[in-house]
Amino acid sequence: MAHYLVTGGCGFIGSHLADRLIADGHRVTILDDLSTGRLENKPTLARLVVGDIADQQAVREAMEGVDGVFHLAAIASVPRSREFWAETHRTNLSGTITVFEAARAARNGAPVPVVYASSAAVYGDNTATPLREDAATRPLSAYGADKLGCELHARVAWEIHGVPTVGFRFFNVYGPRQDPASPYSGVISIFARKVSRGEEVTIYGDGQQVRDFVFVGDVVRFLVRAMERRPQGAAQGADVFNLCTGRPTSLLMLLDVLQELCGSRVRRVHLPPRPGDIRVSIGDPARLRAGFDDVCRVGLLQGLGATLTGE
Ligand code: NAD
Ligand code: UD1
């Protein structure tokens with residue numbers, strides 16, 4: 001049994017991870033400021049520290065004595081990073097550096113490993129399809145720039161401070177518990193709720209933008225695996241992997257499938273594309289497969305079914 005800190009553990013992905021760690025018999029401490037996370041998401045057996053990820057003392061205290069850190073706390077919305085540039089930077093980059101710094105001496109003065117969330121947003125307007133990890137990073141948003149900054153600081157964490165890390169460039173993650181009520185939330189959670197209620201959906205742009213949607217259960221499996229065993233072929237103590245399926249889905253296709261599953265047709269309103277929005281984002285999962293001897297297993301139909309029933 002190990003003791004892990006999950007930052008952002010009351011959020012969408014973090015709470016699924018915390019559930020899994022507890023089911024595996026581990027001790028879990030969560031650090032979350034409950035800004036987008038919810039108390040109801042916290043597993044009963046997890047200890048919750050309510051605090052800010054950029055607060056050095058709060059992070060140090062929450063990390064005291066743990067065996068490893070899953071760092072997921074962030075402001076996950078691209079449009080919010082446009083509206084609140086400096087505020088999101090503080091959480092998304094300064095917060096991550098605060099985590100790496102505390103990880104230098106978390107267990108009896110020795111470093112502990114950190115598995116953290118980067119993002120496909122680091123590729124920005126690179127139009128390569130599919131995107132391999134060695135594709136040029138050209139973030140278009142403050143959010144993507146900060147996630148790239150996390151990867152650069154992860155390298156410093158390892159090279160200078162001996163903190164081993166694994167970063168995952170999550171593509172578009174979806175599943176139960178992703179907040180359907182916030183306009184800043186992921187498109188699947190928003191569309192799933194609207195279509196199931198027969199309500200009108202808003203499409204930014206022509207709806208032909210393409211995403212690589214990954215089910216949250218697959219994400220959790222890779223996070224846990226990266227903590228337990230260093231991936232094969234990881235040349236250094238700071239490595240980064242795409243977490244993706246390699247399968248493209250346009251927004252219009254997504255809407256069709258949801259309508260089919262719900263047996264309803266809804267009105268669609270088109271608004272201009274969001275500034276900084278990425279047109280095509282498809283990852284190449286080859287390195288993920290080689291490093292972990294595993295792939296994302298849940299297809300879109302199955303994953304959308306689980307999202308709609310909340311299971
Ligand atoms: P989420 O908003 O559900 O979870 C983020 C959690 O972090 C929330 O519980 C929130 O309360 C907490 N948090 C935010 N600011 C904080 C702060 N200053 N101090 C402490 N806690 C804070 O989002 P999510 O989708 O679960 O995202 C988890 C991670 O995965 C984030 O790092 C996000 O950038 C990354 N990511 C998500 C996706 C996706 O498609 N959902 C894709 C790529 C990367
Ligand atoms: C998402 C994640 C981001 C992650 C990135 C990785 C969220 C909130 N965002 O960003 O954290 O780093 O994937 O690839 O989880 N759209 C509509 N109508 C809506 C909502 C969205 O048309 O009501 C469109 C958007 O303009 C965009 C697409 O759907 O073109 C996807 O949007 P969104 O789910 O917000 O995700 P990303 O911006 O790709």
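Both ligands and their constituent atoms are indexed starting at 1 by order of listing. Computed from a predicted model, the values in this text were never measured in an experiment.
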Among protein heavy atoms, which lies nearest [atom], and at what distance?
atom: atom 5 (C) of ligand 2; answer: Ser119 OG, 3.9 Å
atom: atom 15 (O) of ligand 2; answer: Gln178 NE2, 3.8 Å
atom: atom 2 (C) of ligand 2; answer: Ala76 O, 3.9 Å
atom: atom 32 (O) of ligand 2; answer: Arg274 NH1, 3.9 Å

May I ask you to identify, for [X], whether its side chain, its backbone, both or neither come under 4.0 Å of ligand 2 on a heavy-atom basis?
X: Val187; value: both
X: Ile188; value: neither
X: Phe170; value: backbone
X: Ser185; value: backbone
X: Lys147; value: neither
X: Tyr184; value: backbone

Are any of the N/O atoms on [X], whether in the backbone or the side chain, positioned under 3.5 angstrom from an N/O atom of ligand 1?
X: Ser35; result: yes
X: Asp52; result: yes
X: Ile13; result: yes
X: Leu72; result: yes
X: Ala76; result: no
X: Gly37; result: yes
X: Ala117; result: no

| query | Based purely on interatomic distance, does Ser77 place a nitrogen or oxygen under 3.5 Å from a nitrogen or oxygen of ligand 2? | reply |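 N/O-N/O distance under 3.5 Å: no.
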| request: Check whether any N or O atom of Ser281, backbone or side chain, sits under 3.5 Å from an N or O atom of ligand 2, and answer yes or no. | output: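 In this structure, Ser281 places no N or O atom under 3.5 Å from an N or O of ligand 2.
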State whether [X] and [Y] are salt-bridged, where the test is any N-O pair (Lys NZ or Arg NE/NH1/NH2 against Asp/Glu carboxylate O) under 4.0 Å.
X: Arg27; Y: Asp67; answer: no
X: Arg20; Y: Asp218; answer: no
X: Arg289; Y: Asp284; answer: no

| Hey, is CD on Glu83 packed in by over 12 heavy atoms from elsewhere, all under 6.0 Å? |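 Check passes, neighbour count above 12.
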| Best match, Asp32, Asn92, Ile53: closest heavy atom to atom 12 (C) of ligand 1 |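 Looking at heavy atoms only, the winner is Asp32.
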| said: Test of understanding: given a 4.0 Å heavy-atom threshold, classify the contact between Tyr143 and ligand 1 as side chain, backbone, both, or neither. | reply: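 Side chain only.
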| request: Check Lys147 against ligand 1 and report side chain, backbone, both or neither, counting heavy atoms closer than 4.0 Å. | output: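 For Lys147, the contact with ligand 1 is made by the side chain alone.
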| query | Pick one: which of Asp55, Asp146, Asp52 meets salt bridge (Lys or Arg N to Asp or Glu O under 4.0 Å) with Arg90? | reply |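 In the set Asp55, Asp146, Asp52, the residue that makes a salt bridge (Lys or Arg N to Asp or Glu O under 4.0 Å) with Arg90 is Asp52.
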| Asn41 versus Gly11, closest heavy-atom pair with distance |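 What the structure gives for the nearest pair is ND2-O, 3.9 Å.
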| Quick one: is the NZ or CZ of Arg177 closer than 6.0 Å to the six-membered ring centre of Phe12, and within 45° of its axis? |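 No, cation not above the ring by the 6.0 Å, 45° rule.
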| In a check of side-chain contact (heavy atoms from CB on, under 4.5 Å) between Phe213 and each of Leu304, Val298, Val187, which one passes? |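 Passing option: Val187.
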| field | Heavy atom of Tyr143, distance to ligand 2 below 4.0 Å | value |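 True for this residue.
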